[in-house]
Amino acid sequence: MFLLNSSAKSMQYTNNMTKIALNAGLVLSFSLYSSLAAAGFEVVALGVDGGVTDGNLTSYLIREDSQPLYLALDAGSVLPGIAKALEKGSFPEITDEMAAPLTRQGYIFRQRINSYFISHAHLDHVSGLIIGSPEDSKKTIYASADTIDVLRNYYFNWRVWPNFTDSGSGTRLGTYRMQMVRPAQPLSLGLTRLTGEMYPLSHDKSPSSMLLISSNNAAFAYFGDTGPDEIEKSKNLDTVWRKLAEKVKQQQLKGMIIEVSYPNAVSDGKLYGHMTPKWLLKELKNLEKYSGEGQPLKGLPVVISHIKPSFQQGQDVRQSIATELQQGNDMGVNFILMEQGDSQKF
């Protein structure tokens, strides 16, 4: 790290997932950011880059500390990320004996990832889901109407890929249940015991979304790709900041994952619905403003995601972005650049 259906088959699947949840025996931990006695979250980075590195594309797992089942946040690179996380010692409680007859990688993929939230349907956020689908177990995909429409009509259509969903054209293989999420409407997220509320984001010509994840008195925000409101001619982020400010005031916001795709040297006209350090800092100033006096964001963990690699010799984009974020950080925000395979508690 740098800094349920009515069929008997479905009922059996549900019961198996519940047994996993009851038998895992994981330890409850507490967030350093919040002073309240609330549950925290574990996040595992399966993919952290934006764009071209096909084995390390945006995907994270999140679970509430005391629960064994994960919600996947986007799915750019899933199986390579699990492999890297195992190399780094993540998922220490999962032994070969527990996973048998599956490998540990296969067990995590099929049994511990319970459902997916897809922020938008760009390939670098869904390719791992599509490629892994022939070997996946039954799961729900939560997404906006637009995202589900793209997944159904342009990916799982028997032309690009077999239809592993429960809707759309051709034979429906039914591995994935597609559930449309309405903006700002609370919903339960599979068997993870997490709840969520989705809010729209503006990503150039493509709709994207943010998921506010909650468990008891703890909250965590996951942002899909987004440009700043000023460039996007939007108020979507402003709406999100007002919502998150409520959680900050109640000391419930444990952290967030948000994109910074480029360093400040990239001009506004070439961002195409993405952010630079200066724009993220400006947007976080709005969150600070809505959150109260003093330094309400001091110590708030903000994981920086979707950094686009550079092919220029001598250019370390991650270091540049980290430096530029810190230079403008008078809010006391704790910026974190996770690497693929990292696991962190919030």
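Bear in mind the structure is a predicted one, so any value in this text is a computation, not a measurement. If you read the sequence from its start, that first residue is 1, and numbering goes on from there.
- Of the possible polar contacts, none joining the Ser77 side chain to the Pro80 backbone as a donor-acceptor pair under 3.5 Å is found.
- Counted by atom type alone, Ser261 and Glu259 present one or more donor-acceptor pairs between their side chains at under 3.5 Å.
- The line from CG of Asp342 to CD1 of Ile336 is 10.0 Å long, rounded to the nearest 0.5 Å.
- Remark: Asp330 engages Lys285 in a salt bridge, criterion side-chain N to carboxylate O under 4.0 Å.
- The nearest pair of heavy atoms linking Gln340 to Gly55 is NE2-O, 2.9 Å.
- For the pair Asp96 and Arg104, the salt-bridge criterion is met [side-chain N within less than 4.0 Å of a carboxylate O].
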Next on the checklist: Please evaluate residues Lys243 and Glu197 with respect to the criterion salt bridge (Lys or Arg N to Asp or Glu O under 4.0 Å), reporting the C-alpha separation (whole Å), side-chain torsions for both, the decisive distance (0.1 Å), and the verdict.
Outcome noted: CA-CA 10 Å; Lys243 180 66 180 182; Glu197 292 179 35; 3.7 Å; yes

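- Hydrophobic clustering (side-chain heavy atoms under 4.5 Å, transitive across Ile, Leu, Val, Met, Phe, Trp, Tyr) keeps Leu280 apart from Tyr272.
- Annotation: side chain of Met256 is in contact with side chain of Leu300 (closest heavy-atom distance under 4.5 Å).
- With respect to the salt-bridge test (charged N to carboxylate O, under 4.0 angstrom), the residues Lys345 and Glu42 do not qualify.
- Ser169 and Trp158 share no donor-acceptor pair across their side chains, judged by distance under 3.5 Å alone.
- Of the inter-residue distances, the one linking Glu324 atom CD with Leu281 atom CG reads 9.5 Å to the nearest 0.5 angstrom.
- At a threshold of 4.5 Å between side-chain heavy atoms, the hydrophobic network of Ile, Leu, Val, Met, Phe, Trp and Tyr places Ile131 and Phe164 in one connected group.
- Closest approach of Asn334 to Gly299, counting heavy atoms only: CB-O, 3.9 Å.
- Using modelled atom types, no side-chain atom of Ser343 and backbone atom of Ala85 make a donor-acceptor pair closer than 3.5 Å.
- Without hydrogens or angle criteria, Thr58 side chain to Asp49 main chain gives a donor-acceptor distance under 3.5 Å.
- Side-chain atoms of Asn56 never come within 3.5 Å of backbone atoms of Thr53 as a donor-acceptor pair (strictly under, hydrogens ignored).
- Side chain to side chain, Asn236 and Ser234 meet the donor-acceptor criterion of an N or O pair below 3.5 Å.
- Rounded to the nearest 0.5 Å, atoms OG1 (Thr140) and CZ (Arg177) are 3.5 Å apart.
- Counting only heavy atoms from C-beta outward, the side chains of Arg172 and Asn163 approach each other to under 4.5 Å.
- Applying the ring pair (Phe, Tyr, Trp, His ring centres under 6.0 Å) test to residues at least two apart or on different chains, the pairs with a partner in residues 281-306 are His125-His306, His274-His306.
- Heavy atoms only, all atoms of each residue included: Tyr262 and Ile321 are closest at C-CD1, 3.8 Å.
- The side-chain heavy atoms of Val260 and Pro277, taken from C-beta on, include a pair separated by under 4.5 Å.
- Donor-acceptor pairing under 3.5 Å is recorded for the side chains of Asp74 and Tyr222.
- Leu123 and Val52 are members of different hydrophobic clusters when ILVMFWY side chains are connected at heavy-atom separations under 4.5 Å.
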Next on the checklist: Checking Lys249 against Glu246 for the salt bridge (Lys or Arg N to Asp or Glu O under 4.0 Å) test, could you report, in this order, the C-alpha distance in whole Å, the side-chain angles of both residues, the deciding distance, and whether it holds?
Outcome noted: CA-CA 5 Å; Lys249 290 175 183 177; Glu246 299 172 13; over 6 Å; no

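- Closest approach of Glu288 to Pro296, counting heavy atoms only: O-CG, 3.7 Å.
- With respect to Lys282 and Glu230, a salt bridge is recorded, a charged nitrogen being found less than 4.0 Å from a carboxylate O.
- A distance-only check finds no donor-acceptor pair linking the side chain of Gln185 to the backbone of Met198 [under 3.5 Å].
- In this structure, a donor-acceptor pair under 3.5 Å is absent between the side chains of Ser320 and Thr323.
- At distances below 3.5 Å, not a single donor-acceptor pair connects side-chain atoms of Gln295 with backbone N or O atoms of Leu297.
- Of the inter-residue distances, the one linking Ser310 atom OG with Arg318 atom CZ reads 13.5 Å to the nearest 0.5 angstrom.
- Following chains of ILVMFWY side-chain contacts shorter than 4.5 Å, one can reach Tyr107 starting from Leu46, so the two form part of one hydrophobic cluster.
- Around atom CG of Asp146, more than 12 heavy atoms belonging to other residues, nucleotides or ligands sit under 6.0 Å away.
- The number of heavy atoms from other shown groups lying within 6.0 Å of CD (Glu135) does not exceed 12.
- Put simply, Leu57 and Leu73 are part of two different groups of oily side chains (I, L, V, M, F, W, Y) that touch within less than 4.5 Å, one to the next.
- Tested against His122 for a side-chain hydrogen bond (donor to acceptor under 3.5 Å, both in side chains), the candidates Ser208, Ser206, Ser127 yield a single pass: Ser206.
- Note on Glu93 versus Arg63: salt bridge recorded, some NZ/NE/NH1/NH2 to OD/OE distance being below 4.0 Å.
- Within the 3.5 Å criterion, the main-chain N or O of Leu212 finds no donor-acceptor partner in the side chain of Lys247.
- When the salt bridge (Lys or Arg N to Asp or Glu O under 4.0 Å) test is applied to Glu87, the partners found at least two apart in sequence or on another chain are Lys84.
- Distance check, rounded to the nearest 0.5 Å: CD1 of Ile108 to CD1 of Ile94 gives 4.0 Å.
- With hydrogens and angles disregarded, a donor-acceptor distance shorter than 3.5 Å links the side chain of Ser291 to the backbone of Leu287.
- Listed here is the closest heavy atom pair of Leu189 and Asn114: O-OD1, 4.3 Å.
- The aromatic ring centroids of Phe223 and Trp241 lie less than 6.0 Å from each other.
- Minimum interatomic distance between Pro207 and His120 (heavy atoms only, all atoms of both residues): O-CB, 3.4 Å.
- A donor-acceptor pair is defined here as one N or O able to donate and one able to accept, closer than 3.5 Å; such a pair exists between the side chain of Asn157 and the backbone of Asn153.
- Between the side chains of Asp268 and Trp279, at least one donor-acceptor pair of N or O atoms lies under 3.5 Å.
- Counting only residues at least two apart or in different chains, ring pair (Phe, Tyr, Trp, His ring centres under 6.0 Å) contacts with residues 78-102 comprise Tyr70-Phe91.
- With rounding to the nearest 0.5 Å, the separation of CG in Asn264 from NZ in Lys278 is 6.0 Å.
- For Tyr142 and Tyr116, the gap between ring centers reaches or exceeds 6.0 Å.
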Checklist entry - Taking it one step at a time, do Lys254 and Asp65 satisfy salt bridge (Lys or Arg N to Asp or Glu O under 4.0 Å)? => result CA-CA 12 Å; Lys254 300 291 187 177; Asp65 268 343; over 6 Å; no

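- A donor-acceptor contact shorter than 3.5 Å links the side chain of Thr103 to the backbone of Gly106.
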